[in-house]
Trainee: 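Please read through the structure below; I'll follow up with questions.
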Amino acid sequence: MAWEFFRAFQVAVTALKELPRATRVTVDYYAEFEFFSQISSFCALFLFDITLSGLRRFYGICTVSVRGGGVSLPECGMQERQYTERIRSNGSRWAFLSVVVICAVVSSCRNRGDHPSYLGEVNSANYLDRATHIAHIDLDHQVSSKVNFAVEPRRIRDERKDEIWDLSLSETIQTCLTNSRVIRNSGQFLSPGNPLLSNPEFVRTIYDSAIQESGVLFGRRGVEAALSDFDAQFTTQLLVGSNETIQNNIVSNGLPAGSELDETSDIFRMSLRKRLATGGQISLSHNWTHTGRNIPAGPGETQLFTTVYDGITQLQFRQPLLAGGGVEYTRIAGPISENIQGITGVQQGVIIGRIQNDLELADFEIAVHQLIHDVEELYWQLHFAYLSFDIQSRARDRSGTIWRTIDSQRQAGTGSGGAREADVREIYLDWKGRADLARDQIYSIEAQLRRLMGLSVNDGRIIRPSDDPLTVEYIPNWQRSLTDALVKRPEIRRQKWSIQSLQYQITAAENLLLPRLDLVTAYQVNGFGDELFGRRSDSNPAIPSRIDNAYESLFSGNQTGWNIGLEFSVPLGRRFAKTQLLSLELQLAKARAVLADQEVELSHEVAAAFRDVDRTFATMENSYNILHASQTRRDLRQAQYISDPQRYTIEDVLQAEGSVAQAEVSLASAVAEYNVTLVDLNYRTGQTLKASNVTLLEGNWNADAYVDAKEEFHAREYAEPAPRRESLPQMNPYDGEFE
């Protein structure tokens, strides 16, 4: 093994250090080789061979022999090798250092099965435990005060009384929107797949629109990133270099053969490029090259100056005429690549970036709609929980009073006995359990409402709804409700934006079916001179001053150049452009089909909400009638018990009281459900924000945008009418009928 060979080297090194004069050192090397060990050992022997071959040039009193005793190396073709060289005794230390370097290289090539040895033994359990332990990040983050200062949550066994916080529905929604930087919904709570915990990157927040606006990634660019394609690009470069070469023959410059040609070069480049809305590109560049040669200069020589400045100022313009040309394509797809093979998509323009912002705003509005819907639903559920607890607490207290009276009579021996006491006690305990569950329901719903409002678990106050629910009959209009759903639901608006984006992309993709034909033109002014500015005092009078000063030569404009032409390119077959267009057309067909089904789905949702409104109102009316009948029955039982207590028992009165309490709970539940149904109707018809007096607005535009908008307004205001303009009906691709 290579590691064993390294140990053999150590023996050899030790011997070399101790030998003052000529001697012979023999190192026996034994190893069993496999494929990889053969390679590593061969490398080791080969490097050792090179080292000793180099040593024999300088040193010379040592004979070293390496033998692979009993080892067959057919792959390497290596047998016993002997090297007998004379080495000077004062060179043994240099030999030692050389061998140590080779040994270090060989040791790095050892097999993974080889392990170095160390003195002593160390327990590795602590190291292994730390190496396999899951790391926890120490982030500089302060836990929210809503968590640090939260009071212990309320429970049914907690008998403390909290401050009542009466909240109206509008105040609840306002508090919720104020604290909702991260938008939640009821369905996430206690769910194993809660995205707030398991997938926070896709949780809706107030920052999403701004993130999209500032997006720079492919396919998710914002308007600013799309506009950055039209930013002017300034580049500059300064290079200084020198080159010295021996001339092999006499060249045209007259330099003798065998002499040294010394060339220096200083290069300065500066350019300014700008993309245009038409897809073209204009660039202005200014370049200087300063070169020098050790060749005689002057009139009659092969060159005028030993060093010279050669520069240009150039204006270039390129404009696509077919593929990638025009304002429409550039606004949709962004400026086309200079190379047609670099085309990567048609969704990098300003228009698509703006539509992406609108899609993000629609997603945000969808989340806000859902949030307000959930808040209103929990608000009325909490209202019902309070009523249910109040009703069942009164039934509990009433049955408890009667039970304690009968129990006192039983203990005094004046009552009707234990059987009646047990019956009444059972009724009391049943109502006590119901009251406890109703109180727990208050705590549970109030905690869920606090979660959506962005409040702490418990701040010492308990929320109590102060608004009264609606109990009058509401009869919605079907046609208006359906129209509102189709127009105002943000899901429909989002899908329409997606279709609009695909239509724009198809327009740009159709443009790329054309071949690439670009107009290319350039104009330049050349400059030449010995000095960049001014004229040297020792300059030759025979040389004209107009070529002695580089900038003077440039500004004179006597040396110019220009070119103009066309550049044509087309990929044979145009498979990329055709496939891209086909893919976009299929996506558009899918988006239209989805939009049609979404509209059908919304009609079913609105119809279901209509049925729920009628059902819950009928249930509320029926519950009220049941309550009235239960109250009549209770009054009758009380009158019978008072007139004939022997025939009519107190249990009959308590059961009648229980029926009244249950009817009251049912009525409260029906009223809450009716209001929740009205909330759901507003949600299905896209009226949630309007009904809650909530308005979503974008932030202020850039100052220049207001100026542009004003100019566009005046342009439309003073535009001439077009009475002959006709708008043809479009055919519906699904049923072949005109719309």
Trainee: Exactly one of F617, W380, F384 should register a ring pair (Phe, Tyr, Trp, His ring centres under 6.0 Å) with Y674. Which one does?
Mentor: F617
Trainee: If you round to the nearest 0.5 Å, how far is CD of Q662 from CD1 of I391?
Mentor: 11.0 Å
Trainee: Does the side chain of N357 come within less than 4.5 Å of S209's, by heavy atoms?
Mentor: no
Trainee: Are more than 12 heavy atoms, taken from residues, nucleotides or ligands other than F364, located less than 6.0 Å from that residue's CZ atom?
Mentor: yes
Trainee: Could you check if a side-chain atom of L602 sits within less than 4.5 angstrom of a side-chain atom of L482, using non-hydrogen atoms only?
Mentor: no
Trainee: Is the shortest distance from a Lys or Arg side-chain nitrogen in E605 or R684 to a carboxylate oxygen in the other one below 4.0 Å?
Mentor: yes
Trainee: For a quick check under 3.5 Å, do Q587 and Q505 share a side-chain donor-acceptor pair by atom type?
Mentor: no
Trainee: How about Y624: does its OH atom have over 12 heavy atoms from other parts shown lying under 6.0 Å from it?
Mentor: no
Trainee: Do the side chain of N477 and the main chain of R480 share a donor and acceptor less than 3.5 angstrom apart?
Mentor: yes
Trainee: In plain terms, say whether R461 and E446 are close enough for a salt bridge, that is, a side-chain N and a carboxylate O under 4.0 Å apart.
Mentor: no
Trainee: Could you give the distance from OG1 (T616) to CG (L678), rounded to the nearest 0.5 Å?
Mentor: 6.5 Å
Trainee: Using side-chain heavy atoms (C-beta onward) and a distance below 4.5 Å, is I499 in contact with R592?
Mentor: yes
Trainee: In terms of side-chain heavy atoms, does T632 have a donor or acceptor partner in D635 at a distance below 3.5 Å?
Mentor: no
Trainee: Check R221 with E224, please: is the shortest side-chain N to carboxylate O separation under 4.0 Å?
Mentor: no
Trainee: Checking D397 side chain against R394 main chain: does a donor-acceptor pair fall under 3.5 Å?
Mentor: no
Trainee: With no hydrogens and no angle check, just 3.5 Å: does a side-chain donor-acceptor pair link Q640 and R637?
Mentor: yes
Trainee: Return yes when atom CD of E426 has more than 12 non-hydrogen atoms of other residues, nucleotides or ligands closer than 6.0 Å, and no otherwise.
Mentor: no
Trainee: Kindly check if the number of other-residue, nucleotide or ligand heavy atoms within 6.0 Å of CD (Q174) is above 12?
Mentor: no
Trainee: Could you check whether any side-chain heavy atom of D440 comes within less than 4.5 Å of a side-chain heavy atom of D436, counting everything from C-beta outward?
Mentor: no
Trainee: Could you give the distance from OG (S498) to CZ (R493), rounded to the nearest 0.5 Å?
Mentor: 11.5 Å
Trainee: Kindly confirm or rule out a cation-pi arrangement of R494 over W497, judged by NZ or CZ under 6.0 Å from the six-membered ring centre and within 45° of its axis?
Mentor: no
Trainee: Treating D484 as the side-chain partner and V487 as the backbone partner, does any N or O pair qualify as donor plus acceptor under 3.5 Å?
Mentor: no
Trainee: Just verifying a value: how many Å separate D680 CG and E377 CD, rounded to the nearest 0.5 Å?
Mentor: 7.5 Å
Trainee: Okay, side chain of N179, backbone of M453: is any donor-acceptor separation there less than 3.5 Å?
Mentor: yes
Trainee: What I'd like to find out is whether the side chain of L177 reaches to under 4.5 Å of the side chain of L371, using heavy atoms alone.
Mentor: yes
Trainee: Hey, are Q687 and T685 close enough side-chain-wise for a donor-acceptor pair under 3.5 Å?
Mentor: no
Trainee: Ignoring hydrogens and geometry, is there a side-chain-to-backbone donor-acceptor pair from S214 to I211 under 3.5 Å?
Mentor: yes
Trainee: Between D407 and R425, does any side-chain N to carboxylate O distance fall below 4.0 Å?
Mentor: no
Trainee: If only side-chain N and O atoms count, and only distance matters, is there a donor-acceptor pair under 3.5 Å linking Q392 with S388?
Mentor: yes
Trainee: Quick check: does any side chain N or O of E621 sit under 3.5 Å from a backbone N or O of A618, one acting as donor and the other as acceptor?
Mentor: no
Trainee: Can you tell me how far the CZ atom of F610 sits from the CG atom of L681, to the nearest 0.5 Å?
Mentor: 6.0 Å
Trainee: Would Q370 and Y683 count as having a side-chain donor-acceptor pair, cut-off 3.5 Å?
Mentor: yes
Trainee: Once you round to the nearest 0.5 Å, how far does CD1 of I506 lie from OG of S583?
Mentor: 9.5 Å
